[in-house]
Amino acid sequence: MKSPIRVVIVGRPNVGKSTLFNRLFGKRRALVHDEPGVTRDRLEEKTQWWMHRVTFPVLLVDTGGVGGDRFAAEIEQQVKIAVEQADLVLFVLDSTAGVTPLDEDLLRELNRSGVIKKTPVFAVVNKVDDELHEDRIAEFFSLGLDEVLTLSAEHGRGIDDLKWKILERFEDRGTPVLNEAPEVTDEVEPRIKIPRIAIVGKPNVGKSTLLNAILGENRMITSPIAGTTVDAIDSLADLSGKPYLFVDTAGIRRKSKTEAGIEVLSVVQTRKALEKADVAILVLDGEEGLADQDEKIGGLIEDVGCSVILMMNKWDTQRKNPGFTQELAAEKIREKMAYLKYAPILFTSAIRGQGLEKLGELIDEIIHQRQLKIPTHDFTEWVRKESTIHNPMNAKFFLCHQSGRNPPTFVCHVNDPDKVHFSLRRHFVNALRERWGYMGSPVRLLFIEAKNRKSLPRKKKTRRNSPKVAV
Ligand code: GDP
Ligand code: GDP
C-alpha cells in the first residue's frame with residue numbers, strides 16, 4: 001500500500017472547511033462541531049479516491065477550530081499541522097466575502113513558516129453556488145497560490161475537479177486495480193452519472209411535444225441507479241438503453257399565460273432549469289424561423305454555462321418548401337446566433353417523432369468532450385506554442401491551466417492581459433476547439449496578470465493589489 005496523500009484543510013472560521021472535509025471524505029463523519037469556539041484536536045480521516053481504475057489513499061486533515069475562539073492561536077495551530085503533516089494544503093476562502101484580513105494573516109503565516117515554499121497550496125474559493133463572475137476570481141489569484149479553484153462544498157460543485165487537481169500532482173501514489181474492481185462508491189469521475197437535460201425555448205416551438213415524443217415508451221418510473229434521487233418534476237427517459245434525466249419538465253407543462261391568453265416565456269424558470277442541467281436543448285421553430293426570444297435564451301444558456309444542442313423543430317413543415325435546405329437553415333441559425341457556433345444543430349419533427357434517433361448519442365458525445373481534462377503541463381505547452389503562431393502584441397505566457405470543467409474554464413497567466421489582442425483570444429478559442437473539440441460546450445478563457453513570474457511560477461509573496469484580468 002502506498003503512503004496516503006496528506007491533504008490539510010486550513011482557513012479562517014466559517015469559510016466551509018468542515019463542509020468541504022465531509023465532501024472530500026465522501027460521507028458525513030460522526031463528529032460535528034456546530035458550536036463556535038469549540039476547541040478540539042485536528043480531525044483526520046482516511047479515505048480512498050479513484051481515477052481511471054487507479055486507487056489513491058488519502059488522509060484528510062481538518063484543522064478547523066483547533067485554536068479555540070482566538071484566531072491568532074488557531075492560525076498558529078493550523079500552520080503547525082500543515083508544516084508537520086501536509087503533502088498539500090487546501091486554503092479555503094469564502095467567495096462571498098472576498099479576501100479578508102484574517103485570510104491575509106493566515107497566508108502570511110503560511111509564508112513565514114515555509115509551507116508555501118515546501119508544499120503545494122491551493123486556494124479553494126468556496127460558496128460559489130452558481131457561477132462566480134470571472135472578474136471576481138482575480139482577487140483570489142492575487143494571493144499567488146499554486147492553483148485557484150472555485151467550488152461549492154455544500155452543493156458538491158467543483159469537488160471532482162478539486163480531487164483531480166490534487167491527484168494530478170501525486171500520480172505515483174496510485175495503485176491500478178487490475179482485477180475486477182470492487183464496488184466503487186467514491187470515484188473522482190463517477191462511472192455512471194445520468195446526464196441532465198433541460199428542454200428550453202420560447203412558447204409554442206414544440207417543447208412539450210418533444211418531451212412526450214422522447215418519453216413516449218421510454219419513460220422510466222424509477223432510477224436504475226441506486227442512490228440517484230429523481231425530483232418529482234423531473235422525468236427519466238431511456239434512450240437506447242441508457243437513462244437520461246429531463247429536468248424541471250413541469251415548467252414546460254405549466255405554461256404561463258397573460259390575461260389575453262398569450263403564453264409568456266418565464267426567464268426565471270428557464271434559468272432555473274438550465275442551472276440544473278448538463279446539456280440544454282434549445283428548441284427553435286422551423287416553421288416560423290428565428291425570433292429575438294431565441295437569441296435571448298441562447299444568451300442565457302451561454303451565461304449559465306450549460307452545453308447546448310440547437311434543435312430546429314417542426315422541420316416537417318418545410319417539406320412544402322424544397323428550396324429551403326437544412327444547409328441554408330443552418331447558415332441562418334449560425335448568422336443569427338454566431339455566439340453559439342459550437343452548438344450542433346438537429347433537425348426534428350417532434351410531432352412525428354423524427355430526427356430523434358441519435359439524440360442520446362449526441363448528448364453522450366457532448367458530455368464526454370465537456371469532461372475532458374487537460375493536464376496543466378500539456379496546456380501550458382500548448383498555449384506557448386499557439387502564441388508563437390499568432391500574437392500581434394507579443395504577450396508572454398507563463399503557467400496556464402484548466403481550472404474547471406463545468407463549463408471548461410482555462411486560466412492563462414500572462415505578463416499583461418491588455419496584450420491579449422482579441423484576435424489572439426479568438427485564435428486560442430478556435431485552436432482549442434480544433435485540438436480538443438468541446439463540441440456543444442462554451443469554453444471560458446481567463447487571462448491573469450503574472451508579473452514577476454519567471455518560468456512555471458509559484459509565487460511566494462502576498463500581493464495586496466489585485467492583478468489585472470481580462471475575461
Ligand atoms: P468552517 O468553520 O470553515 O468549518 O465552516 P463550515 O463548514 O462549518 O461552514 C460554515 C457555514 O458556511 C455553514 O453554515 C455552511 O452551511 C456554509 N457553507 C459551507 N459551504 C458552503 C457552500 O458551498 N455554499 C454556501 N452557500 N454555504 C456554505
Ligand atoms: P411548447 O409551447 O413549446 O411546449 O409547444 P407545444 O409542444 O405545445 O407545441 C406547440 C404547437 O406546435 C402544437 O400545436 C404542436 O402540435 C405543434 N408542434 C409541435 N411539434 C411540432 C412539429 O414537429 N411539427 C409540427 N408541424 N408541429 C409541431
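First listed ligand is number 1; within each ligand, the first listed atom is number 1. Here the structure is a predicted model, which is why all the values come from computation and not from measurement.
Polar contact check, Trp315 against ligand 2: no nitrogen or oxygen pair lies under 3.5 Å apart. Ligand 2 has a nitrogen or oxygen under 3.5 angstrom from a nitrogen or oxygen of Val205. For ligand 1, the polar-atom distance check finds no N/O of His155 at less than 3.5 Å from any of the ligand's N/O atoms.
The ligand atoms of ligand 2 that sit less than 4.0 angstrom from a heavy atom of Thr209 are 6 (P), 7 (O), 9 (O), 15 (C), 19 (C), 20 (N). Short contacts between ligand 2 and Asn313, defined as distances under 4.0 Å to a heavy atom of the residue, involve ligand atoms 20 (N), 21 (C), 23 (O). Against a heavy-atom cut-off of under 4.0 Å, Lys17 is close to the following atoms of ligand 1: 1 (P), 2 (O), 3 (O), 4 (O), 5 (O), 7 (O). Residue Thr317 approaches ligand 2 through these ligand atoms, each under 4.0 Å from one of its heavy atoms: 26 (N). Atom numbering of ligand 2 starts at 1 in the shown order; those under 4.0 Å from a heavy atom of Ser349 are 23 (O). Near Asp316, the atoms of ligand 2 lying under 4.0 angstrom from a non-hydrogen atom of the residue are 22 (C), 23 (O), 24 (N), 25 (C), 26 (N).
Between the side chains of Asp278 and Tyr244, no donor N or O sits under 3.5 Å from an acceptor N or O. Side-chain contact annotation: Thr209 with Asn212, donor-acceptor N/O pair under 3.5 Å absent. Arg157 and Asn406 form no side-chain donor-acceptor contact under 3.5 Å, judged by distance and modelled atom types alone. Side-chain atoms of Thr55 and Gln48 form a donor-acceptor pair, as typed in the model, at a separation below 3.5 Å.
In this structure, Tyr438 has its ring center no closer than 6.0 Å to that of Tyr342. Proximity of the aromatic rings of His413 and Phe141 is defined here by a centroid distance below 6.0 angstrom, and this criterion is met.
Residue contacts with ligand 1 for Thr96 are absent, since no atom lies close enough (heavy atoms, distance under 4.0 Å). Proximity of Pro13 to ligand 1, defined as any heavy-atom pair under 4.0 Å, is confined to the backbone N, CA, C and O atoms. In Ser208, the parts holding a heavy atom less than 4.0 Å from any atom of ligand 2 are both the side chain and the backbone. In Asn204, the parts holding a heavy atom less than 4.0 Å from any atom of ligand 2 are both the side chain and the backbone. The proximity of Ile351 to ligand 2, defined as any non-hydrogen pair under 4.0 Å, involves the side chain as well as the backbone.
Rounding to the nearest 0.5 angstrom, the gap separating the CG atom in Leu143 from the CG atom in Leu107 is 5.5 Å. Distance check, rounded to the nearest 0.5 Å: CZ of Arg108 to CG of Asp105 gives 5.0 Å.
Between Gly16, Ser18, Gly158, it is Ser18 that holds the heavy atom closest to atom 4 (O) of ligand 1. By heavy-atom distance, the residue among Lys202, Met312, Lys314 lying nearest atom 27 (N) of ligand 2 is Lys314. For atom 16 (O) of ligand 1, the candidate residues are Arg157, Glu154, Lys127; the nearest heavy-atom contact is made by Glu154.
Judged by distance alone, the side chain of Glu287 and the main-chain N or O of Asp316 form no donor-acceptor pair under 3.5 Å.
The ring-ring contact (aromatic ring centres under 6.0 Å, His included) pairs that include a residue from residues 281-329 are Trp315-Phe324, Trp315-Phe347, where partners are two or more places apart or lie in different chains. Screening residues 77-129 for ring-ring contact (aromatic ring centres under 6.0 Å, His included) gives no qualifying pairs among residues at least two apart or on separate chains.
Using a 4.0 Å cutoff on heavy atoms, Ala153 counts as a contact of ligand 1. Under a 4.0 Å heavy-atom criterion, Gly201 is not in contact with ligand 2.
Using a 4.0 Å cut-off between a side-chain N of Lys or Arg and a carboxylate O of Asp or Glu, Lys127 and Asp94 qualify as a salt bridge.
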